[in-house]
Amino acid sequence: MKSRSRGNGKGYLVTEELDLDRALGFTIPARHARGRVVRLGPVLDEILAAHAYPPPIEALLAEALTLTALIGSTLKDAGGQLTLQTQTENGVVKLLVCDYRGGELRGYIQYDEEALAAAPTSPTLFALFGTGYLAITFDQAATGERYQGIVPLDGTTLADAAQSYFVQSEQIPTLVRLGVARGEDGTHVSGGLFLQHLPEGEDGRERLHTRLDHPEWEHVALLGATMGADELADRALPLESLIWRLFNEEDEVRLLPGILLARGCRCSPDYIASVLAKFPPEDQRAMADKDGMIVVDCAFCARKFPVPVADHYVS
């Protein structure tokens, strides 16, 4: 947790504990359910500040990063990576990419400025994406396996699209809630709730049966649906308190170890140089400018990396 000080109106400073940039998992054994709550603060501001997006695009990226943290933090493989990406046709948003690896988040959006100017002040999901698709990719570092599922961007929110992904691609009943707030001081905070039904401890039966003979999921989903966006984005409300508000009447709720979240763009001059070194000399010459530099733009961190090409590669 982070802390901040504020005045109490009597000349004293009061320290508030802020539960930010953390993910916390839990299970409800009797309901065959698992869940995760997440809240982003300074990490979100750091990522958004690099891009200076207009408000609708900024809010969309904040939601996407929160969703990425929710799903990515469920990976059992510590070196695994989750990538969330949209594919669109005739939408304001041309490309949205976020990924999670080892507690680190990054993301960016490419959009049509003219189309955004013509869109409503608070555009709907369809107005932003048109005919679009959501792709979620899981890369397992330990086994080298990759799994990807693609579903239409249905519903009115990104949370709706994520729920459709798990129901259609994974056949797992899922509830997703997201909330984003921007303070008067310009700082952001976002939160998310992720609930899933996993029958028999995730062993022994086909996942499709979860919708046929486990009515306890309806109970869990109904409780989860009562969680408001304002609660999720309340920076002073501990994540443990969110879980308690929803499930304090359950016989047992098991908390899992928390995960600290950070901004994690993996670009660096050395990394860029190692990638460029894989290109043949003639390709490096073609990419270099008149000063013998290859300038690489990183869309994730909005930085330019000038990398010198070896002298014998430059004509």
Side-chain angles (χ1 to χ4, degrees), residues 1-4 16-27 34-51 53 58-85 96-109 136-141 158-159 162 176-183 186-196 227 229 231-243 255-268 298-303:
M1 290 189 184
K2 299 177 175 64
S3 63
R4 69 175 179 185
E16 294 178 337
E17 291 295 328
L18 307 180
D19 202 354
L20 301 170
D21 300 331
R22 189 166 73 106
L24 181 64
F26 61 95
T27 64
R34 73 170 180 176
R36 190 153 300 253
V37 286
V38 67
R39 188 172 295 120
L40 299 175
V43 167
L44 185 59
D45 280 328
E46 191 177 0
I47 295 173
L48 295 177
H51 300 286
Y53 291 138
E58 185 178 75
L60 176 63
L61 182 57
E63 286 193 352
L65 287 165
T66 308
L67 178 60
T68 302
L70 277 174
I71 303 174
S73 60
T74 65
L75 289 171
K76 295 179 180 179
D77 182 352
Q81 177 172 312
L82 176 132
T83 303
L84 184 150
Q85 182 173 340
L96 182 156
V97 182
C98 296
D99 71 32
Y100 171 100
R101 188 175 73 177
E104 295 185 339
L105 290 166
R106 61 180 185 170
Y108 73 94
I109 293 177
I136 298 180
T137 305
F138 297 87
D139 289 288
Q140 304 293 341
L158 202 56
V176 180
R177 289 290 182 269
L178 302 172
V180 179
R182 188 175 190 271
T187 61
H188 298 80
V189 62
S190 66
L193 169 69
F194 179 72
L195 292 172
Q196 286 191 320
M227 180 60 65
E231 295 174 282
L232 291 170
D234 184 348
R235 65 187 71 203
L237 185 62
L239 297 181
E240 287 85 353
S241 295
L242 289 178
I243 299 170
L255 295 183
L256 305 177
I259 298 174
L260 297 180
L261 303 171
R263 181 190 180 191
C265 190
R266 297 183 284 276
C267 282
S268 69
C298 175
F300 285 105
C301 61
R303 294 167 58 195

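In terms of the ring pair (Phe, Tyr, Trp, His ring centres under 6.0 Å) criterion, residue partners of Phe194 (sequence neighbours excluded) are, by chain and number, Phe166. Annotation: side chain to side chain donor-acceptor pair (under 3.5 Å) contacts of Thr68 (sequence neighbours excluded): none. Residues meeting the salt bridge (Lys or Arg N to Asp or Glu O under 4.0 Å) test with Glu104, sequence neighbours left out: none. Remark: Arg106 engages Asp99 in a salt bridge (Lys or Arg N to Asp or Glu O under 4.0 Å) (not counting sequence neighbours). For Glu63, there are no salt bridge (Lys or Arg N to Asp or Glu O under 4.0 Å) partners, not counting sequence neighbours. Remark: Ser241 engages no residue in a side chain to side chain donor-acceptor pair (under 3.5 Å) (not counting sequence neighbours). Residues satisfying the side chain to side chain contact (heavy atoms under 4.5 Å, CB included) test with Ala181, not counting sequence neighbours, are Val189, Ala233. With sequence neighbours excluded, the residues forming a side chain to side chain contact (heavy atoms under 4.5 Å, CB included) with Asp234 are Ala236, Leu237, listed by chain and number. Taking the ring pair (Phe, Tyr, Trp, His ring centres under 6.0 Å) definition, one finds that Phe26 meets it with Phe247, sequence neighbours left out. In this structure Ala50 satisfies the side chain to side chain contact (heavy atoms under 4.5 Å, CB included) test together with Arg263, Ala302, sequence neighbours excluded. Listed by chain and number, the residues in a side chain to side chain donor-acceptor pair (under 3.5 Å) with Thr83 are Gln81 (sequence neighbours excluded).
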Using a 3.5 Å cut-off and no angle test, enumerate the donor-acceptor pairs between side-chain atoms of residues 41-48 and protein atoms at least two apart in sequence or in another chain.
| unit_1 | atom_1 | unit_2 | atom_2 | d |
| --- | --- | --- | --- | --- |
| Asp45 | OD1 | His188 | N | 2.9 |
| Asp45 | OD1 | His188 | ND1 | 2.8 |
| Asp45 | OD2 | His188 | N | 3.3 |

